[in-house]
Colleague: 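Supplied in structure tokens, the structure appears directly below.
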Amino acid sequence: MNYNIALLRGDGIGPEIVDSACRVLDKIGEKYGHKFNYTPYLMGGCAIDATGVPLPQETIDGCLASDSVLLGAVGGPKWDTLPGHLRPEKGLLGIRAALGLYTNIRPAKLYASLSAESPLRADISARGIDLVMFRELIGGIYFGERGRSEDGLTAYDTEKYSTYEIERIAHAAFKAARLRRKKVTSIDKANVLESSRLWRETVHKVAAEYPDVTCEDMLVDNAAMQLVKNPAQFDVIVTSNIFGDILSDEASQITGSIGLLPSASIGDSTRGLYEPIHGSAPDIAGTGKANPIATILSAAMMLRYAFALETEARAIEKAVDDVLAAGHRTGDILGASTVTPLSCVEMTDKIIEAIC
Ligand code: IPM
Ligand code: MN
């Protein structure tokens with residue numbers, strides 16, 4: 001089969017890690033008889049430099065015409081002083097909304113070979129961590145009304161959710177839980193926020209359609225604590241855009257490094273957007289120190305969700321497992337290990353060798 005993938009390499013380490021993922025996809029194509037065609041588009045800081053806006057129309061059209069989208073990362077100090085609507089991040093939010101990607105799936109699992117890299121103690125809580133976060137991606141405070149008063153002394157952002165928006169992400173979470181350990185934890189702040197009270201009621205209604213799945217509620221402050229105290233209790237987490245943003249960074253760190261964690265953003269069509277959960281790391285861009293694993297695993301998620309190529313997705317995930325188990329490390333996951341850290345290209349080579 002032929003698959004057309006739009007590439008949004010972005011800024012900082014984005015281009016290096018996307019190129020790594022494409023090399024891995026090409027190896028998969030060779031082995032299993034697929035052809036992946038790539039078309040690059042500008043988004044983020046690089047788009048601002050070339051066109052004056054973070055998300056050119058051509059990029060939206062190109063993504064809509066593709067079978068799937070692979071993204072590196074956007075942003076950097078160079079664009080930090082631009083007004084909100086012209087920042088690189090606005091490009092990312094815009095493409096998520098333009099493609100209708102309301103479900104952001106962020107798995108966090110602790111590799112046995114990396115348990116020493118977790119900042120949590122192996123004898124207390126760094127064990128059995130295997131959770132997946134379902135973050136609502138195109139609603140809530142990220143997209144609510146915002147503004148400043150005329151005198152500039154007051155500013156506001158609005159958290160707003162409709163039952164429709166809550167239902168669709170909740171269904172995605174419950175369906176996923178059915179294929180896992182059949183437990184959903186819905187995270188909100190229903191003791192304070194009206195939008196959270198609607199969230200909770202709506203999730204309960206959806207839960208009634210999945211009697212085989214256990215549903216529990218957790219307040220977000222407690223969830224932040226539980227992720228450190230006993231992360232193994234979580235199977236599927238479902239939460240709002242901003243809570244999911246914050247908690248997924250926390251979840252990633254307890255697995256050793258944010259450099260390992262992939263994500264899939266999907267909507268009602270099979271086309272999705274696949275990206276590492278980390279940022280553009282401008283401090284190490286161009287040094288070869290970037291960890292390509294999160295983007296490579298995002299490409300695996302693309303094979304699974306966009307193209308229904310489960311065997312191929314697993315081949316990538318197994319190769320990453322094997323390479324880590326063999327002791328290969330990039331600088332971010334070195335921990336106490338005394339091996340020489342691999343560069344981005346060298347780590348990619350190892351993973352490609354492991355897919356034989
Ligand atoms: C993420 C990022 C983005 C977000 C930023 C860059 C807009 O932090 O994907 O988690 O907050 O969604
Ligand atoms: Mn984030």
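In this text the structure is predicted, and so the values were computed from the model without any measurement. Atoms within each ligand, like the ligands themselves, are counted from 1 in listed order.
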Colleague: Could you check, using the six-membered ring where one of them is a Trp, whether Phe307 and His34 have ring centers closer than 6.0 angstrom?
Modeller: no
Colleague: Nearest protein heavy atom to atom 1 (C) of ligand 1, by residue and atom, and its distance?
Modeller: Arg106 NH2, 3.4 Å
Colleague: Between Lys90 and ligand 1, find which residue part has any heavy-atom pair under 4.0 Å and reply side chain, backbone, both or neither.
Modeller: neither
Colleague: If you apply the rule salt bridge (Lys or Arg N to Asp or Glu O under 4.0 Å), what do you find for Asp322 with Lys350, and how did you get there?
Modeller: CA-CA 10 Å; Asp322 292 348; Lys350 291 282 178 215; over 6 Å; no
Colleague: Examine Arg168 relative to Phe174 and say whether NZ or CZ is less than 6.0 Å from the centre of the six-membered ring and inside a 45° cone about the ring axis.
Modeller: no
Colleague: Shortest non-hydrogen contact from Ser280 to Val74?
Modeller: OG-O, 3.7 Å
Colleague: Specify the protein heavy atom at minimum distance from atom 6 (C) of ligand 1: its residue, its atom name, and the distance to 0.1 Å.
Modeller: Glu89 CG, 3.7 Å
Colleague: For ligand 1, does His278 get within less than 4.0 Å through its side chain, its backbone, both, or neither, judged by non-hydrogen atoms?
Modeller: neither
Colleague: Decide whether an N or O pair under 3.5 Å exists between Tyr142 and ligand 1.
Modeller: yes
Colleague: What protein heavy atom sits nearest atom 9 (O) of ligand 1, and how far away is it?
Modeller: Arg96 NH2, 2.7 Å
Colleague: Between the Mn ion (ligand 2) and Asp245, which N, O or S atom of the residue is the nearest one?
Modeller: OD1
Colleague: With His278, which of Ile258, Asn291, Asp332 fulfils side-chain contact (heavy atoms from CB on, under 4.5 Å)?
Modeller: Ile258
Colleague: Output, in order, the C-alpha distance, side-chain angles, deciding distance and verdict of salt bridge (Lys or Arg N to Asp or Glu O under 4.0 Å) for Asp188 and Arg197.
Modeller: CA-CA 8 Å; Asp188 60 36; Arg197 287 191 272 272; over 6 Å; no
Colleague: Would Gln226 and Phe234 satisfy side-chain contact (heavy atoms from CB on, under 4.5 Å), going step by step from the backbone distance to the final call?
Modeller: CA-CA 9 Å; Gln226 294 298 330; Phe234 295 107; 3.7 Å; yes
Colleague: Tell me the nearest of Ile242, Leu93, Asp245, Asn104 to atom 2 (C) of ligand 1, using heavy-atom distances.
Modeller: Asp245
Colleague: With backbone taken as N, CA, C and O and side chain as the heavy atoms from C-beta onward, which portion of Arg135 lies under 4.0 Å from ligand 1: side chain, backbone, both, or neither?
Modeller: side chain
